Amino acid sequence: MPERIDLFDAIDTQRGIRYFRPDPVPDELITRLLQAAIKAPSGGIRQGWSFIVIRDQETRRKIGALYRTGTRFEIRPDMTSQERRVYEAAQYLEDHIEDVPVLILACIQTDPGTTLPGSSIYPAVQNILLAARGLGLGSVLTTRQMRFEEELKQMLNIPEGVATAALLPIGFPAEGARYGPTRRRPLEEVAFSDRWGESWQHQASGQS
Ligand SMILES: Cc1cc2nc3c(=O)[nH]c(=O)nc-3n(C[C@H](O)[C@H](O)[C@H](O)COP(=O)(O)O)c2cc1C
């Protein structure tokens, strides 16, 4: 296991990694990611999640073929350079998905009566992303497997009543694929104090 990093370093520097080294990922690390996943909360502690770890080359090749049948990302002239970079990287990942050493498909039961099943799987997905950062691995949350969900479910024997929530590529980051710090909209813009529109004012610790 690599040296541990601080929880907040992991949170502040976790970012979408879409370029990977071809090196295999030890099972021990994958198990650690999955252990992190199942510590997540879920509605009513139902834990209706399942995680399919896909390493088999032939299966990855077939998944790559499915991605090639889907629509491509549309790069529009009005996009910012940041948006364009993300879309190009996302397209690169889809074009090379079969070369990623491990794919984890996060699935969730969609029992009748369950509302918002996504709320009960994405916390687990986020735990995987953070754990990957902690272990020196890269990943990114992707959801575009939904375009060919039925074919994917058939290929992987996923039963009725189970949906695919995210496909996470997992591998060691390629040379030049770096973790954050990430840039986000500032807190003052998105966090309010007591009522909508009253910007959250940072209070230094020790002040009341
Ligand atoms: C619901 C959701 C769907 C996403 N789908 C994809 C995707 O299909 N492909 C991809 O490469 N990234 C996908 N992302 C990753 C976002 O693009 C990424 O989190 C965002 O660009 C922030 O970039 P950063 O991780 O570099 O900070 C998705 C993220 C979320 C939350």
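Predicted, not measured: the structure shown is a model, and the values here were computed from it. Just the heavy atoms: all of them, side chains too, but no hydrogens, waters or symmetry mates, feed the values below. All residue numbers in this chain count up from 1 along the given sequence. Just follow the structure's listing: the first ligand is 1, and inside any ligand the first atom is 1.
Atom CG of Leu7 has more than 12 neighbouring heavy atoms from other residues, nucleotides or ligands inside a 6.0 Å radius.
Using a 4.0 Å cut-off between charged nitrogen and carboxylate oxygen, Arg18 and Glu88 do not count as a salt-bridge pair. Salt-bridge formation is detected for the pair Asp27/Arg55: a Lys NZ or Arg NE/NH1/NH2 atom is positioned less than 4.0 Å from an Asp or Glu carboxylate oxygen.
Using a 30° and 60° split on the angle between ring planes, Tyr92 and His96 fall in the parallel class, below 30°.
Taking the side chain to side chain contact (heavy atoms under 4.5 Å, CB included) definition, one finds that Thr31 meets it with Gln35, sequence neighbours left out.
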Identify all N/O pairs between ligand 1 and the protein with a separation under 3.5 Å and present them as a table of atom names and distances.
from	atom 1	to	atom 2	distance (Å)
ligand 1	5 (N)	Leu141	O	3.4
ligand 1	11 (O)	Arg18	NE	2.6
ligand 1	11 (O)	Arg18	NH2	3.4
ligand 1	12 (N)	Arg18	NH2	3.2
ligand 1	12 (N)	Leu141	O	3.4
ligand 1	14 (N)	Leu141	O	2.8
ligand 1	17 (O)	Arg18	NH2	3.3
ligand 1	25 (O)	Gly16	N	2.7
ligand 1	26 (O)	Arg15	NE	3.0
ligand 1	26 (O)	Arg15	NH2	3.4
ligand 1	27 (O)	Arg184	NH1	2.9
ligand 1	27 (O)	Arg184	NH2	2.9

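A side chain to side chain contact (heavy atoms under 4.5 Å, CB included) with Phe51 is found for exactly one of Ile30, Ile38, Leu33, namely Ile38.
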